Each structure stands twice: as structure tokens, then as C-alpha cells.
Amino acid sequence: MFRSALGKTLGFVGYTIQYGCIAHCAFEYIGEFVACSGPSMEPTITSHDVVFSERLSHHLCRIENGDIVIAKSPFDPHMNVCKRVIGLEGDKVCTSGPSDIFKTHQYVPKGHVWLEGDNLRNSTDSRSYGPVPYALIRGRVCLKLWPLHHVGALNQSPTGRVVKRSD
């Protein structure tokens, strides 16, 4: 009887470890569900929206201008930020705020991206902390899942600040 209980317990532990490993790999390499908070991406993403962030684009270096990404915060590595890619390495981006009279520009250095929130007046982004290393990007947001009446792919930037590539 003891052997039977021990065998069942070890079997349960084994299955738990296997499924845990599968779940870890899925969330680490395929994608994850993210609950967003804060006003920086309004109106595209609002507080308490749930989005799906896929990680394959990041691993395959397929992040493009206009994509919304989840990245590690340059200020706090324990926090993630949700921002739109405005410029890739080599792009000339406007570093001024929307209310600045004089517009300033900067080139995005190699291995970096320029991230901004859609709500320019209420976003801490690359205009504050500069270009973000590509390695800090965790994934590309491809779907809004919650609230249910807004389920679907995410739309273009409402600000129109995405740099157009001249390739």
C-alpha cells in the first residue's frame, strides 16, 4: 500500500514537472498574456486591458516601426513597459515633446529602438530615457484580448509619429 501511494505521488510530481516545463517554454519562447496598466498607450491600450505578446518576432529580429512591444523598463528591470516602436537603428527621430516649440532630432544608435507611448502627453518613454537596447524587448503585442468588445488586432498609431523607412 505504501509503495502504491508513493508511486502515485511520484507519478503526479513527474507529470507536474513535465507540464510546468512545457508551460515555461511556451511562455518564454512563444508568447504570454499581459495585463496592461497606466495611461501611456491610450487610446490604443487602456488600463486593465489584456493583450497577447508573441516572442517569435523578437527572436527572429522582425520588430518593425509601428509595432507595439513589451520591454523591460530602462529605469527598473523588475518592471515591463508597453510602448510603440517609433524608430529602428539608423532612423532619425523627433525627440521633442508635442508641446515643444523647437523640434530636436536624434539618430537611433545601432542595436537600439526608439519607443514612445501613444498618449504623448502622459508617457514616460524614449523622450525621457533615450534609445532602448533591442535586448530589452520581451515581445511584440499582436492581439488585444480584453475587454471582449475590443478583441482583435491592434491598429495604427493614432499620433502618426512612426518613422517611415526610406529603403
Side-chain angles (χ1 to χ4, degrees), residues 15-91 93-95 97-98 108 111-167:
Y15 283 125
T16 303
I17 291 171
Q18 287 175 350
Y19 291 125
C21 289
I22 291 169
H24 169 75
C25 289
F27 289 130
E28 189 64 29
Y29 298 106
I30 297 173
E32 66 181 334
F33 301 101
V34 179
C36 298
S37 63
S40 70
M41 284 302 292
E42 290 178 355
T44 309
I45 298 172
T46 59
S47 276
H48 311 296
D49 282 0
V50 176
V51 296
F52 181 73
S53 170
E54 58 89 10
R55 299 217 173 156
L56 297 175
S57 293
H58 165 66
H59 291 301
L60 298 173
C61 299
R62 298 279 188 247
I63 300 296
E64 298 177 357
N65 281 332
D67 286 347
I68 298 173
V69 297
I70 304 294
K72 287 287 183 192
S73 169
F75 289 144
D76 181 2
H78 300 293
M79 187 174 83
N80 290 326
V81 295
C82 180
K83 306 289 180 191
R84 189 177 299 272
V85 176
I86 301 300
L88 300 171
E89 62 182 46
D91 289 345
V93 294
C94 179
T95 58
V108 180
H112 290 70
V113 294
W114 191 267
L115 303 178
E116 290 183 5
D118 285 352
N119 184 354
L120 294 174
R121 297 191 190 285
N122 200 1
S123 177
T124 302
D125 49 37
S126 287
R127 293 170 297 147
S128 303
Y129 45 70
V132 176
Y134 192 84
L136 292 183
I137 295 177
R138 305 271 300 147
R140 182 180 65 91
V141 175
C142 56
L143 288 172
K144 185 188 285 192
L145 302 170
W146 185 265
L148 291 176
H149 60 279
H150 286 129
V151 170
L154 295 169
N155 56 358
Q156 297 290 331
S157 171
T159 63
R161 284 180 58 101
V162 177
V163 174
K164 303 287 188 247
R165 302 291 297 196
S166 59
D167 297 323

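Everything quoted here is computed from the prediction, not taken from an experiment. Basis for what follows: all heavy atoms, side chains included, without hydrogens, waters or symmetry-related copies.
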Check V132, T95, N65 against W114 for a side chain to side chain contact (heavy atoms under 4.5 Å, CB included) and give me the one that passes.
T95

Quick check against the 3.5 Å criterion: does D91 have a side-chain atom that pairs as donor or acceptor with the backbone of L88?
yes

Closest contact, heavy atoms only, S53 versus I70
OG-CG1, 3.8 Å

Tell me if a side-chain donor or acceptor on R140 pairs with a main-chain N or O of E64 at a distance below 3.5 Å.
no

Any donor-acceptor N/O pair, S37 side chain to S47 backbone, under 3.5 Å
no

As a quick check of understanding, evaluate side-chain contact (heavy atoms from CB on, under 4.5 Å) for F75 and V81, giving each step before the final call.
CA-CA 10 Å; F75 289 144; V81 295; over 6 Å; no

Using modelled atom types and a 3.5 Å cut-off, is there a donor and acceptor pairing between side-chain atoms of S126 and backbone atoms of G130?
yes

Where do D125 and G117 come nearest, in terms of heavy atoms and distance?
OD2-N, 3.1 Å

Supply the atom-to-atom distance T46 OG1 to N119 CG, rounded to the nearest 0.5 angstrom.
11.5 Å

Quick one, L115 with V85, criterion side-chain contact (heavy atoms from CB on, under 4.5 Å). Give me CA distance, side-chain angles, the key distance, then yes/no.
CA-CA 5 Å; L115 303 178; V85 176; 3.7 Å; yes

Kindly give the heavy-atom pair with the smallest separation between E54 and C142, and that separation in Å.
CG-SG, 3.8 Å

Rounded to the nearest 0.5 Å, the CD1 atom of I68 sits from the CG atom of D118 at a distance of 6.0 Å

Does the distance from a Lys or Arg side-chain N to an Asp or Glu carboxylate O, for E116 and R84, drop under 4.0 Å?
no

Nearest heavy atoms of I63 and Y134, plus distance in Å:
CG1-OH, 3.2 Å

So CZ of R127 and CG of L120: to nearest 0.5 Å the spacing works out to 5.0 Å

Does a donor on one side chain sit under 3.5 Å from an acceptor on the other, for S123 and K83?
yes

Looking only at heavy atoms, what is the nearest atom pair of D49 and K144, with distance?
OD2-NZ, 3.2 Å

Distance, nearest 0.5 Å, that separates CD1 of I45 from SG of C82:
4.0 Å

Given K72 and N80, is the side-chain contact (heavy atoms from CB on, under 4.5 Å) satisfied, shown in steps?
CA-CA 4 Å; K72 287 287 183 192; N80 290 326; 3.4 Å; yes

